[in-house]
2 protein chains.
Amino acid sequence: MTKELEGDDDAGDRGLLSDRIRNALTDEITQGLLEAGAALDEQQLADRFGASRTPVREALRQLAVSGLVEVRGRRGVVVARMTPERIMEMFETVAEIEAMCVRLATYRMTPIERSHLIEMHDLSEAIVEKGDYDAYDAFNLEFHDRIYHATHNGFLAEQAIAVRSRLNAFRRTQLRQGERMRRSRDEHDAIMQAIAEGDGEMASRRMRAHMLNAATALRRFIEASKPT
Amino acid sequence: MTKELEGDDDAGDRGLLSDRIRNALTDEITQGLLEAGAALDEQQLADRFGASRTPVREALRQLAVSGLVEVRGRRGVVVARMTPERIMEMFETVAEIEAMCVRLATYRMTPIERSHLIEMHDLSEAIVEKGDYDAYDAFNLEFHDRIYHATHNGFLAEQAIAVRSRLNAFRRTQLRQGERMRRSRDEHDAIMQAIAEGDGEMASRRMRAHMLNAATALRRFIEASKPT
DNA sequence: GACCCACATCGTGTATACAATATCGCTATC
DNA sequence: GATAGCGATATTGTATACACGATGTGGGTC
């Protein structure tokens with residue numbers, strides 16, 4: 001009913017309507033607000049955003065390229081349905097890409113980049129102590145981002161971020177599982193040691209294990225919460 | 001002038017207009033028929049495809065997500081300009097992804113997949129002897145495709161294909177450089193040996209070297225042909 | 001002669017109108 | 001009672017029309 005994009009978000013006002021709609025839908029999907037398989041009616045979305053169908057259509061088509069939604073011929077658009085198998089495939093892919101990035105980063109990062117990373121990692125100890133999930137989630141994102149960029153390969157960093165973003169909907173939940181946050185930080189610590197020693201291969205293996213541990217924690221959570 | 005999509009291509013007739021336009025533009029860009037930086041006027045393209053601006057716009061926006069074109073606010077769309085640095089970044093990324101894939105594939109491929117790959121590789125010797133660049137190019141594509149799929153990770157395979165396709169415009173040329181085709185086949189041979197021994201790490205290192213050699217051959221070709 | 005501003009022009013961004021097709025419900029028949 | 005065929009309806013796909021912003025040019029001024 002109300003035009004959601006009108007005045008409440010200061011940054012959302014300017015820019016192209018289709019871009020704003022695309023960003024809004026991207027957020028809603030990756031945050032899990034829109035359930036997988038949910039139908040995305042063009043007219044309905046147009047009304048919701050106070051726009052016509054044209055920019056909505058463009059946004060939906062772009063999301064389809066990103067893999068966030070699924071266009072089914074002339075039968076409408078739905079939020080991408082992901083089977084558990086596919087989700088695990090995505091996690092494995094992210095794990096491999098992260099492992100690749102940390103190996104390159106170990107060999108290429110500047111001393112300044114290294115010291116910034118160490119500093120961030122040191123500060124994360126306090127976050128774990130406080131048990132602040134949201135703060136740790138934000139730290140975690142930036143920690144990995146810095147590793148991507150430390151590869152000094154902008155294209156690779158873009159790809160890494162793009163792939164990771166498709167798992168956003170699942171990212172936050174896994175941290176709340178038991179001692180996962182503490183263990184995550186410990187795993188970061190092991191990775192940092194390998195980086196400090198300049199052993200990219202070791203850092204890579206530890207990063208892969210780190211990511212797969214996170215995936216396993218998530219899988220346990222999903223299986224526990226859906227005992228169908 | 002003439003409606004290009006009308007009747008000459010039997011497979012191109014059915015399906016959505018916007019999809020056909022997108023596929024046509026994708027081919028033209030990845031094959032290098034449209035020069036980087038070339039302006040893509042919406043009305044002009046609409047006329048060329050015998051359609052209205054609407055499906056053309058959708059196609060262009062989708063290509064932008066793929067990174068093939070660049071939208072510059074309200075100032076039109078151009079074929080993505082890639083600096084030499086960015087091209088090398090893309091090659092390195094592809095090399096790393098290929099290396100990742102062959103490592104996983106070595107550990108996971110079925111005996112049938114392995115024997116098919118060996119068979120293909122053996123047959124490629126004859127292609128090299130004949131000096132048939134186009135045939136080798138086709139073989140090469142399928143060789144790498146089979147490795148992607150032998151990872152038994154469909155998502156990873158999709159990502160690998162998507163990233164590789166963005167370098168299509170440069171792929172063919174490098175094979176014509178000197179003994180590159182012969183050396184490419186020799187490198188494949190070394191990779192096959194590592195796979196046969198079940199040594200994924202070795203296969204990975206050799207694949208990375210193989211891809212970077214191809215990139216270097218291309219770089220030499222570019223620098224030689226543009227002595228500005 | 002160089003720089004700046006106004007205006008014309010072109011192309012993109014969005015809205016609306018029209019066409020085509022898939023879905024759903026109804027009826028008729030087996 | 002179930003199923004197949006048919007039609008109504010709703011939603012997508014495409015076309016056209018309009019609005020807004022950007023770019024480039026011409027004239028004027030310093």
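The sequence lines fix the lettering, A, B, ..., with proteins before strands; numbering per chain opens at 1. Because the structure is a prediction, the values reported are computed rather than measured.
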Margin query: Rounded to whole Å, please give me the gap between CD in Glu42(A) and P in dT14(C).
Written below: 15 Å
Item checked: Separation of atom CG in Leu16(A) from atom P in dG11(C), rounded to whole Å -> 18 Å
Checklist line | Side-chain donor/acceptor of Arg108(A) to backbone N/O of Thr151(A), under 3.5 Å | finding: yes
Notebook entry, point to check: Hey, does the side chain of Glu58(B) reach the backbone of Ser18(B) with a donor-acceptor pair shorter than 3.5 angstrom?
Noted result: no
For residues 59-79 of chain B, please give each side-chain donor-acceptor pair under 3.5 Å, one per line with the distance, not counting sequence neighbours.
| from | atom 1 | to | atom 2 | distance (Å) |
| --- | --- | --- | --- | --- |
| Gln62(B) | OE1 | Arg22(B) | NE | 3.2 |
| Ser66(B) | OG | Gln62(B) | O | 3.4 |
| Arg72(B) | NH2 | Arg75(B) | O | 3.0 |

Next item on the list: Quick one: do Met88(B) and Glu92(B) satisfy side chain to side chain contact (heavy atoms under 4.5 Å, CB included)? Show the steps, please.
Entry: CA-CA 6 Å; Met88(B) 293 315 291; Glu92(B) 179 178 75; over 6 Å; no
Next item on the list: Measure from CG on Leu17(A) to P on dC20(D) and round the result to the nearest Å.
Entry: 14 Å
Checklist line | Phe143(B) ring center near His116(B) ring center (under 6.0 Å) | finding: no
Check: Between Leu40(A) (CG) and dG13(D) (P), how many Å, whole number?
Finding: 13 Å
Check: Base, sugar-phosphate alone, or nothing: which one does Arg61(A) contact when heavy atoms must sit under 4.0 Å apart?
Finding: sugar-phosphate
Check: From Glu42(A) CD over to Thr54(A) OG1, what is the distance, rounded to the nearest 0.5 angstrom?
Finding: 9.5 Å
Note to self: Tell me the interatomic distance from Asp41(A), atom CG, to dG13(D), atom C1', rounded to whole angstroms.
What the structure shows: 14 Å
Notebook entry, point to check: Would you say the side-chain atoms of Ser115(A) pair up with the backbone N or O of Pro111(A), donor to acceptor, closer than 3.5 Å?
Noted result: yes
Item checked: Phosphate OP1/OP2 of dT14(D): any Arg57(B) side-chain N/O under 4.0 Å -> no
Notebook entry, point to check: Can you tell me how far C1' of dG11(C) sits from CG of Leu60(B), to the nearest Å?
Noted result: 13 Å
Notebook entry, point to check: At under 4.0 Å, does any side-chain N or O of Thr54(A) touch on OP1 or OP2 of dT16(C)?
Noted result: no
Notebook entry, point to check: Gln44(B) has an atom CD; how far is it from atom C1' of dT12(C), in whole Å?
Noted result: 14 Å
Item checked: Atom pair distance, as rounded to whole Å: CG in Asp19(B) and P in dT12(D) -> 15 Å
N/O to N/O distances under 3.5 Å, protein versus nucleotides 18-24 of chain C:
| from | atom 1 | to | atom 2 | distance (Å) |
| --- | --- | --- | --- | --- |
| dT23(C) | OP1 | Arg75(A) | NH1 | 3.0 |

